[in-house]
Amino acid sequence: MNLRRDVRHGLRIGRAEFVRSVRGYTSETRRIVGLLLLALVFGGNLLFSLPVVYVAGRRAQSVTEIPLFGLVATAVPVVLTLLATFRTLERIGRVEHESLVLTTVHPRAVVVGLIAAEVGRIGLWFGLPFAVVAATFTAGLGAPSLLVTAAAVVVPLACCTTVWGYAAGVAVLRGFERLPGVRRTLKVVGFVAMVGVVLVSQSFGRSLADGSLPVDTLAATLTFDPLADYLALAFVGTPLARPFSSAAVVTFAAIVALTPVGLVVATRQASALWFTDRATGGDRGSSAAGAKATDSSGGFSTPRPLSATKGGHVAWGLLVRGVRHPQKFTHLVMLVFFLGPLGTTIVQSSADGLGPILAASGAGLGTYLAGATFGLNPIGDDRPQFPILLLTATAPRALVRGRVLAGVILGVPVAAALPLATVALGTSPLSAVTFALVGVLMCLAAAAFAVGLGAAYPIYEEREFWGAKTVVPSTLVLMAFMFVVGPGTVIGLVATWFGVTGHLAPTPPLAAGLGLYLLVTVGVSYGSYRYAVRRYRTYTFD
């Protein structure tokens with residue numbers, strides 16, 4: 001084994017992986033448009049914050065005057081380690097074409113390559129915004145050397161955290177192989193934890209804005225001083241520089257020493273993962289599995305009343321596939337970031353307003369689920385089975401209706417049950433029933449609109465999520481769905497609320513406005529449904 005040779009090969013692998021990632025980002029027009037929209041959203045927020053950063057650089061007299069410097073310095077390595085661990089679980093825990101790669105180079109070279117490519121991707125996604133902020137702060141401070149010293153401090157920290165995050169992620173994957181039942185549990189726990197983090201972050205932001213949060217006490221409690229001293233080395237040679245501390249030097253030495261140690265640990269973990277035989281369910285237990293298959297339909301027997309129509313059979317098949325393969329709903333996680341502000345609003349609501357807010361929230365959530373679960377990528381989701389589907393006697397409209405029905409089956413219970421349950425919180429029965437009925441109708445409209453939108457922009461490429469490959473809708477389609485259905489749902493729910501409370505007097509302008517709203521909603525939804533059916537009928541293979 002030659003370390004220098006493995007590092008050289010690893011850097012080549014890392015360069016190839018990084019270049020392939022960049023080409024993947026820019027390989028199609030839709031990806032470029034998505035990146036531009038992402039840059040527009042987050043870049044706009046960054047642009048508005050730059051004047052504040054510049055003023056902070058102009059006024060700063062010492063490191064301690066930088067807001068929350070110690071807390072941020074402590075959080076950065078933790079966040080980077082967790083990010084690397086999650087990325088390992090999701091994407092880079094295994095190397096593609098491992099049978100070829102692992103017989104060509106040493107596993108250490110592969111590990112170096114994967115980690116180097118990941119460091120490059122982290123630098124691309126997070127390094128560029130960091131560089132913009134650092135350059136703006138440097139301009140305000142008037143010390144150009146800050147850019148060099150900041151890079152010299154941050155890069156070793158990023159490499160160390162990425163290496164150990166990769167090692168931790170591979171260790172978790174090995175645990176999954178030994179305890180396969182834990183994987184599903186951790187997915188649920190991880191999703192709940194993500195929801196909790198979003199809700200806590202939203203509450204933290206509001207508390208920070210209104211001054212009710214003891215920021216100084218919290219920062220002093222959570223700050224790890226050696227890390228803060230180490231990151232303060234970035235200001236060497238600037239007016240904010242402070243004397244070297246032994247803690248900073250020891251932390252730097254520990255980071256440098258732990259990086260190769262982490263590489264050794266990661267290599268051993270990855271080798272054990274890659275070269276361990278995995279049961280494929282071949283000969284072992286095949287007779288028992290065959291006997292079980294002959295005695296059971298595997299839970300696919302369509303229950304009544306869905307079995308009365310072909311669309312019902314299709315809907316039940318989609319529901320069963322969704323339960324067996326929950327990664328298909330990975331795109332729904334984006335909803336969490338919209339539920340955060342709503343959750344804090346519900347928590348801070350008065351007793352009188354809690355019931356109506358929950359009723360409207362239930363109707364809106366059910367509407368979102370009805371369209372987003374099965375309707376945003378119908379052709380892309382069915383693409384592997386199209387040669388069979390299009391040659392069967394089942395009409396395309398039955399396939400589309402099945403997707404609409406599957407979404408409605410998931411959305412309607414939420415849209416109806418939550419408003420009705422708010423009666424126990426003081427909501428009048430009339431308001432609860434009205435919100436439930438409006439929610440059911442909105443579910444139908446959203447599900448019909450979603451299949452047309454998804455059929456217009458199908459996605460066929462599989463992506464790996466939590467160790468399983470699946471096809472998810474385009475982010476552009478998901479955002480378009482949310483920006484159309486979201487405001488439409490809000491308008492309908494607000495009109496419903498004013499209607500049941502008697503604040504809307506029946507006038508000709510009101511009747512015209514509601515009529516126009518219903519005409520647009522029904523027309524767009526029905527037109528989308530018809531478009532999806534036509535897309536199925538006219539689909540051709542390249």
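We number each residue from 1, following the sequence as shown.
- Rounded to the nearest 0.5 angstrom, Leu173 CG and Thr85 OG1 are separated by 10.5 Å.
- In terms of modelled atom types and a separation under 3.5 Å, the side chain of Ser525 and the main chain of Ala445 share a donor-acceptor contact.
- Classification of Arg174 and Glu177 as a salt-bridged pair fails, no side-chain N sitting under 4.0 Å from a carboxylate O.
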For this session: Check step by step if side chain to side chain contact (heavy atoms under 4.5 Å, CB included) holds for Leu319 and Val323.
Result: CA-CA 6 Å; Leu319 293 171; Val323 172; 5.7 Å; no

Problem set entry | Test log, rule side chain to side chain contact (heavy atoms under 4.5 Å, CB included), inputs Leu273 and Gln269 | CA-CA 6 Å; Leu273 176 68; Gln269 292 284 349; over 6 Å; no

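- Between Leu306 and Ile409, the closest side-chain pair of non-hydrogen atoms falls below 4.5 Å.
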Problem set entry | Worked verdict on Trp497 versus Leu493 for side chain to side chain contact (heavy atoms under 4.5 Å, CB included) | CA-CA 6 Å; Trp497 168 247; Leu493 293 176; over 6 Å; no

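- The 12-atom threshold is exceeded at OH of Tyr517, counting heavy atoms of other residues, nucleotides or ligands nearer than 6.0 Å.
- For the residue pair Ala450 and Leu376, the shortest heavy atom distance occurs at CB-CD2, 3.9 Å.
- A donor-acceptor pair under 3.5 Å links the side-chain atoms of Thr422 to the main chain of Pro419, judged by distance alone.
- A donor and an acceptor atom, one from each side chain of Tyr529 and Arg401, are located under 3.5 Å apart.
- Counting heavy-atom neighbours within 6.0 Å of Arg397 CZ, excluding the residue itself, gives a total of 12 or less.
- Residues Val477 and Asn377 fail the side-chain proximity criterion, which asks for heavy atoms closer than 4.5 Å.
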Exercise. Checking side chain to side chain contact (heavy atoms under 4.5 Å, CB included) for the pair Thr496/Met442: CA distance, chi angles, key distance, verdict?
Worked result: CA-CA 12 Å; Thr496 302; Met442 286 183 172; 5.6 Å; no

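- Between Phe481 and Tyr368, the two ring planes are tilted [angle within 30° to 60°].
- Using a 4.5 Å heavy-atom threshold, the side chains of Val533 and Arg537 count as touching.
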